[in-house]
Amino acid sequence: MWWILKGHLEAKGNQLYIGGFSAAALAKQYGTPLFVYNGNRILDNFNRIKDAFAAAGAAPRIHFAMKACPHLEVLRLLQREGALIDAVSPNEVRIALRAGFSKEKILFTGTSISSSELSEIAEPGVAINIDSFSQMRRLHALGFRGKCSIRWNPGMGAGGHSHTITAGKFIKFGVPEQKVEQAFEEAKNLGLNVVGLHQHIGSGWTGKDVDVFLETVGKTIAVAKKAEEILGGKLQFVDFGGGPGIRYRKDQAEFPLQRYAKGIVEKMRASGLKAEIAIEPGRYIVGDSAMLLCEINTVEEKNIPIIGVNAGFNDLIRPAFYGSYHEMVVCENVNGLRTGDFMVAGDLCESGDVLNENRETLRELPVPEEGNTLAILNAGAYGFSMASNYNSRCLPACVMVLNGKTRLIRERQSLEDILRNEK
Ligand SMILES: Cc1ncc(COP(=O)(O)O)c(C=O)c1O
């Protein structure tokens, strides 16, 4: 079992454990569907990034991309560890402030943001990463005096799925290559306080994407130098965005963090730029920290063998939306031989609601018993944060395991919560 990791995910007496707790027992105690996060794994992942940069001789600003997992308790944990925040909506800014991040630690990166939202963000005084000329002009018209940076599109991207590639031609984000100098010139003429340059080329990279990424780092550094010339002053930071992936399947290698960190640091050093390095990892920090637990309620031969569970793409949309693979484990029979091939079917009224990577690739699992608990691993990033109320189902409860204790960090939604805004 390639995913076993001492202290995080373990098999003891044929049962699955997370952070020292039986997954099946947590499912019984808190009910299902349930996200279980291991806070210690989140901290380890964060510190591994820090260490990789320290080994290369740098201490970057690490902005946690909270869109990956915006629970207050996760944010507080990372805030205490020294993280900063990448926020993409006014509510994310507010949530980060409530979690204890000071406004100086938050960078807002928004796309197609309305002027009323811009003024909401400008009010607490967080730095704003400008996505377009329109946004720049509207910020100026609002009298924005805070710090800002410019997001550019370096013309090439990388990611685990076409939806998660965020640079290149048919991409809505950032100022395009041929207009980036003009953007700095205009920002200067408008009197905006531009202190940074930003890129984010995509999400969910594997090792081979690092080469493309490092090429864009070189291009961004060249733009940063040009920007300093135009502005007639030094940039405070160059932000290289997020993207480092995690190991979702057995045949995938660990992300080459050292090569990534060393590549950025060496290129920055060689450039002579004095700006701080900033990065915005989301998935790498939280992705493998959590599992989604659900109850196996149906084991039946239809046209194909089916395992029916009480979770669906309302809880974890990645398989249905991106064709993503998530490892699955029958919590009460971890070591069982995988003698069955199943469609793992969710409880939504949609044929596409399967938790396999696609409907026609059945999943080898030990034949479970109805009433067993299924763990869907690597569900910490873009899991709960993309969950919905589709089919009027309630958002799941969330638990955190930390230092040998478990704690409910988010209550299961109720019908009353769903109906609250209905008239
Ligand atoms: C601007 C920005 N920064 C950072 C991230 C985080 O990406 P990841 O979770 O792949 O590290 C994203 C996600 O797409 C993003 O849009």
Side-chain angles (χ1 to χ4, degrees), residues 42-69 75 78-79 81-88 92 96 101 104-109 126-127 129 149-154 157-160 164-167 173-174 195-207 209-221 223-224 235-246 254-269 271 273-287 381:
I42 294 175
L43 294 176
D44 288 350
N45 291 338
F46 178 76
N47 285 313
R48 201 172 320 105
I49 297 175
K50 238 163 103 176
D51 294 347
F53 277 92
R61 302 183 183 194
I62 307 177
H63 291 260
F64 173 53
M66 63 180 283
K67 69 173 79 61
C69 185
L75 298 177
L78 287 166
Q79 191 268 336
E81 207 66 9
L84 290 82
I85 284 291
D86 159 41
V88 294
E92 283 199 352
F101 288 92
E104 294 77 21
K105 299 239 164 117
I106 302 171
L107 176 63
F108 173 81
T109 296
V126 303
N129 193 21
S149 51
I150 293 180
R151 176 177 188 168
W152 86 299
N153 173 348
T164 67
I165 295 174
T166 53
F173 299 107
V195 297
L197 173 66
H198 173 277
Q199 68 160 60
H200 170 65
I201 67 160
S203 180
W205 309 333
T206 57
D209 296 317
V210 175
D211 293 333
V212 176
F213 168 70
L214 290 177
E215 208 177 321
T216 65
V217 168
K219 293 178 85 175
T220 293
I221 286 172
V223 171
L235 292 178
Q236 290 176 9
F237 65 85
V238 182
D239 187 331
F240 297 102
I246 60 164
E254 289 293 342
F255 183 77
L257 203 55
Q258 306 286 345
R259 186 152 70 86
Y260 157 83
K262 197 162 163 251
I264 300 175
V265 174
E266 284 181 352
K267 282 183 191 290
M268 279 294 276
R269 199 173 285 141
S271 74
L273 285 170
K274 295 286 171 268
E276 277 189 276
I277 295 169
I279 53 168
E280 300 174 341
R283 188 187 313 271
Y284 191 88
I285 294 176
V286 288

For [X], what residues pass the side chain to side chain donor-acceptor pair (under 3.5 Å) criterion, not counting sequence neighbours?
X    : answer
N129 : T109, S149, H198
E266 : none
K262 : none
E215 : none

Could you list the residues that satisfy side-chain contact (heavy atoms from CB on, under 4.5 Å) with [X], not counting sequence neighbours?
X    : value
T220 : W152, L197, Q199, V238, F240
A167 : N153, P154, I201
Q258 : A52, A55

Which residues satisfy the salt bridge (charged side-chain N to carboxylate O under 4.0 Å, His left out) test with [X], sequence neighbours excluded?
X    : answer
K50  : none
K67  : D86
D211 : R259
E276 : R61

**Under 3.5 Å: donor-acceptor pair, side chain of N45, backbone of I42** =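 No; judged by distance alone, with no hydrogens or angles, the pair does not exist.
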**Asked** So, the side chain of S203 versus the backbone of G243: is there a donor-acceptor pair under 3.5 Å, distance only?
**Response**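 No, because the side chain of S203 does not come within donor-acceptor range (under 3.5 Å) of the backbone of G243.
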Please give me the minimum heavy-atom distance between [X] and [Y], naming the atom from each residue.
X    : Y    : result
F101 : Q79  : CZ-CB, 3.4 Å
H63  : A278 : CD2-CB, 4.2 Å
P281 : I49  : CG-CD1, 3.8 Å
A58  : V265 : CB-CG2, 3.6 Å

**Message:** Taking ring pair (Phe, Tyr, Trp, His ring centres under 6.0 Å) as the definition, give me every residue that meets it alongside F213, ordered by chain and number, with sequence neighbours left out.
**Reply:**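 With sequence neighbours excluded, F213 shows a ring pair (Phe, Tyr, Trp, His ring centres under 6.0 Å) to W205, Y260, given in chain and number order.
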